[in-house]
Every structure is written in C-alpha cells, then in structure tokens.
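Numbering of ligands and ligand atoms starts at 1, following listing order. All figures in this text were calculated on a predicted structure; none of them were measured in a lab.
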Amino acid sequence: MDYNFTTIIEPFRIHSVEPLRMTTSAQRASAIDEAGYNLFNLRAEDVLIDLLTDSGTGAMSRDQWAAIQHGDESYAGSPSWFRFEAAVKELFPFRHVIPTHQGRAAEKILFSVLGGEGKIVPNNTHFDTTRANVEASGAEARDLVIEEGHDAATLHPFKGNMDLDALENLLATRRADVPVVMMTITNNSGGGQPVSLANLRGVSEICRRYNVPFFLDACRFAENAWFIHEREEGQGNREIPDIVREIASLADGMTMSAKKDPFGNIGGWLAMNDDALAEAARNLLILTEGFPTYGGLAGRDLEALAQGLSEAVHPDYLRYRIRSTAYLGDALTRAGVPVVRPIGGHAVYIDAKALLPHLDPLTYPGQSLCVALYLAGGIRSVEIGSVMFGRHPDGTESPAAMELVRLAIPRRTYTQSHIDYVIEVVSAVAKDASSLPGYAMTYEPAALRHFTARFKPLG
Ligand SMILES: *Cc1c(COP(=O)(O)O)cnc(C)c1O
C-alpha cells in the first residue's frame, strides 16, 4: 500500500545540541534598555529564539564537521581550496572564482573596480551592504523591482523579478554610466521573493544587447531554484543543480555570501568570466582579504563550504526548508498578522506599516515591533524599513518603501515547536499592536546606521 502522507518532516535528526537560556520579562526589559533599544546590541545569551538573520547561523551537518578535519591550512595552493573551487564551479562554472571572508568583501572589491562617481548600478532590490558598497564608491544604487514587489499584499509567484522595461529604458538613455547590472536571488530586502528563470533570461538578453556585464547577488540561489522548480511552467522535472547552472549561464559573474544557502558560518566569493576584471579584483583581494587561494578564509572553512554546497541543492532539504518558512507565515496570516505574501524562502516579513498604522514611518514602526517581540517572548528579529534605508547619502531622511520586520529562519536550527512558540508570541503582540510606542534615534553612525544606532521610546 502506497500511502500519501502530507507531513513534511525535517530531513535530519539532531546530532548535538546547544542549550537555550530562558529569561524573565524584567531581565529582557533591562537588557533592551541597556542595548539602546537596538536588537543588534543585545547579548545573544539574552535571546531565546534568534531570528535576527539566517546569515552564518545555520547548523552544519555531520559531513561538514567531518570535512573540517580535512582542512589544509597551507598558505598557497591548499587542497581545500581546490575542493572549494571545484564545488563552486560545479554549480557556477565561471572562469574565475575569488574567495572572500563574506559577501560584502566581494561587493567591496567588485564596486571598487566597477563603481565610481556618476555611475548607476541597477538591481531588483539592493541588499543593505550592496547598496552601501555601491554608494561608498560614489555610484547610485537604483532598485528596479517590478511594481508587485513594492506591495506586501499582492500575490505574484516571482515578486523579485526585475522590471524589464525600466531596465531597458535605463540602458537606452544611460548605457555609458551603467558598469554592471545586478540581480539579487532571492530578493532579500524585498521579502525573500524569488526571481523567475524567464525574468533572468530577459535581463540577460537586455544586458547582452547593450553589452553590459550581468552579475548575480546569489546568496539564496538554491532557494530561488527551488521556487523556479515549484512555480515556473516547464521546470518541475528538472534537477536543482541543472536549474542553478542555467541561471549561472545567463550571467557574467556573481557576488556571494556563503553564510546563506551554502551552510557556512563564514565565507563568500566573487566570480566572473572576464580576465581583466578578475585580475583587478585579485589585486584588491591580496590587499585586503588574502592570497587568491584562501581569500579571508581558513582551509577548514573552504572544506565546510564545499560540502555545504552539495547539501544546499538537495530536493528533500529544499522542500523542507521552503515549507517550514511557509508554515510560520501561513500561521501568522491565519492569526490576522499582515505579512508579505507569498511567503519568501528564508524569512517571514511582517508588514509593520499595516500592523502599526498609528505610528509615523519616521518613528520607526518596524523597530517598535522588533522591541515588542523581544520584550514579550525573547525573540530577536530585524527591522527592514526606515531605520535601515531611511537615511540617504545626501544627508536627508525619508521613509523607506516598506516598513518590514523580518523573522529570518536559520537553516536546520529550530524545530517546529520553536516555531509554534514564535507564532504564539507574534500573535499575542499583534493583538496589542495599537499600544506600541514610536521611537526616536539618540545616536546614529555615518553609514549602515541600523547596526549601531541607539533609540529611545516616545511618549
Ligand atoms: C547577506 C547578504 C549580502 C552580504 O553578505 P555578508 O556575508 O553578510 O557580508 C549581500 N547580499 C544579500 C542579498 C545578502 O543576503
């Protein structure tokens, strides 16, 4: 008898455990006050369920820990480097692979070479570090995501898609000022929404016609490929690595944070086909990251990433991964909490503008909700709204397009009962949302202010 069971289980069992530390609400009130109401300033031990980020926070597998024992720490030409390079090229067969300690180091190098005053870098939506590195070079970071991507409630299977007409218009009028076109898969700042293969083909075709390099910001390529497999016409029978290789074939290079889909606690890379660009990038790499066969990484890290890459594209894992994120989002939707839909790959994004309509965007409704979730249940989330994106290079402040609170799900780390607890906490806080205060900033650094800003509650 072939039963058709529908429960999607974690395709692993637990091999070693870490204790969680319970806190009282009085302890949390004191911790968040000391942290200047910025959750980045909390001690991790004062957090119960840490959904700050899915970056570097995943659980490594038995085979990754075993691979670490094979780490060869030779300064140059380590076998660990060749294993890493081969694992990257298996999925992304770019001619040059340049290892970095994490994604932003790859961005810094790329935009140091390609950016500069007067240039414009289009992207579906720039991630915060990508935008900051584009702007630090003097260039403008321009977001060209489709209209649906700006609206939390509109259902669209590929809300991360680029507006192809807008891209074509930009290149028709400003081709000389555009050094590279970027595409973020999945679109992290826009709700973890995927990009379709058809849209990637469209961007590629436009870039080739205008002879502009096309680079992927590919941190969540495997989750994006799974969405293509599940949602795009004609893709359901393809192997995930095959979809990934087609995505790579459409581009001329990539930046990568290996702290996301490849299950790294640290790592990243820059890859490209262009020899001259690779030479310029390697020269900068040696200046700031290290020799080209290790970048900023230890041999053992390279080994863990090589193994992690092969696990990231496994269909049982991806089915569980995408379903477990949707489990949280669907439950919050049923509880009446407004979330970005469809549910993205690595995180659930609460629409704080809709949940806290009594707060002006520049009193930071997302920050207010983040603080409330911590106070109520020890959950750490992150604001993706006017705190993160409200301050502009010219010094002015204006509201971001959306006020979101991201609940990022670390890979293979929390069980379903942890997530059930999160659902309970968020639902309870949402019922009292109209009582939550706005915030004012009492300290703000010159760039990427959300990481170190301090706040005080208003009223
Ligand atoms: C995390 C991330 C980066 C930056 O990578 P780091 O490893 O954190 O430096 C860039 N782009 C996107 C889309 C990301 O999610």
Side-chain angles (χ1 to χ4, degrees), residues 40 51-58 88 92 98-112 115 121-137 141 143-145 149 159-162 180-195 200 215-225 227 247 251 253-271 285 288-289 295-297 301-302 304-305 308-309 312 321 325 344-349 382-384 388-389 404 406-411 447-448 450-451:
F40 281 103
L51 308 183
L52 180 72
T53 177
D54 64 322
S55 180
T57 53
V88 172
F92 300 97
I98 298 174
T100 60
H101 82 279
Q102 60 185 85
R104 70 198 67 185
E107 293 169 349
K108 169 74 176 155
I109 290 170
L110 182 67
F111 298 119
S112 295
V121 177
N123 201 325
N124 43 355
T125 310
H126 288 84
F127 181 64
D128 59 351
T129 61
T130 323
R131 170 172 290 278
N133 274 300
V134 168
E135 290 174 352
S137 81
D143 294 340
L144 298 179
V145 73
K159 268 171 115 168
N161 281 356
M162 182 91 87
V180 60
V181 172
M182 300 288 301
M183 185 74 133
T184 308
I185 60 170
T186 58
N187 193 22
N188 188 1
S189 299
Q193 299 291 324
V195 176
L200 287 160
F215 270 57
L216 304 164
D217 177 347
C219 302
R220 298 178 185 80
F221 70 93
E223 293 172 5
N224 200 102
F227 281 117
I247 294 172
M254 68 192 292
T255 58
M256 184 70 191
S257 169
K259 301 172 72 171
K260 317 293 172 52
D261 275 358
F263 297 112
N265 297 131
I266 196 71
W269 68 84
L270 176 61
L285 183 86
T288 58
E289 290 284 290
L297 297 169
D301 298 325
L302 295 167
L305 293 175
L309 273 170
R321 169 74 176 159
T325 305
H346 68 294
V348 173
Y349 295 69
V382 72
E383 193 258 19
I384 300 193
M388 193 179 273
F389 292 120
L404 302 176
R406 187 184 72 179
L407 304 170
I409 318 287
R411 293 171 180 75
L448 289 169
H450 52 289
F451 287 122

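- Of the options Gly192, Ser257, Cys219, Gly190, the smallest heavy-atom separation from atom 12 (C) of ligand 1 is shown by Cys219.
- The line from OG1 of Thr184 to CG of Asn123 is 3.5 Å long, rounded to the nearest 0.5 Å.
- In terms of protein heavy-atom proximity, atom 11 (N) of ligand 1 is nearest to Asp217 OD2, 2.8 Å.
- Near Thr129, meaning under 4.0 Å from any of its heavy atoms, are these atoms of ligand 1: 3 (C), 4 (C), 10 (C).
- With a 6.0 Å cutoff to the six-membered ring centre and a 45° limit on the axis angle, Lys159 does not count as a cation-pi contact of Tyr349.
- Gly115 and Ser137 make their closest contact through CA-OG, 3.5 Å (heavy atoms, listed as atom of the first residue, atom of the second, distance).
- When each of Ile409, Thr325, Thr53, Asn188 is paired with His346, the side-chain contact (heavy atoms from CB on, under 4.5 Å) condition holds for Asn188 and for no other.
- The shortest N or O to N or O distance between Arg104 and ligand 1 is below 3.5 Å.
- Atom 2 (C) of ligand 1 has Lys260 NZ, 2.4 Å as its closest protein atom, hydrogens excluded (heavy atom only).
- In this structure, the protein non-hydrogen atom closest to atom 10 (C) of ligand 1 is Glu107 OE2, 3.0 Å.
- Less than 4.0 angstrom separates some heavy atom of Gln102 from each of these atoms of ligand 1: 6 (P), 7 (O), 8 (O), 9 (O).
- Within ligand 1, counting atoms from 1 as listed, the ones closer than 4.0 Å to a heavy atom of Thr184 are 13 (C).
- By the 3.5 Å distance cut-off applied to N or O atoms, Arg220 is counted among the residues near ligand 1.
- The two atoms that bring Arg406 and Ala347 nearest to each other are CG-CB, 3.5 Å, heavy atoms only.
- Closest non-hydrogen pair, Ala408 versus Asp54, comes out as CB-N, 3.5 Å.
- Of all the atoms in ligand 1, the ones that sit under 4.0 Å from a non-hydrogen atom of Lys259 are 7 (O).
- Proximity of Phe451 to Asp128: side-chain heavy atoms (C-beta onward) are separated by under 4.5 Å at one or more points.
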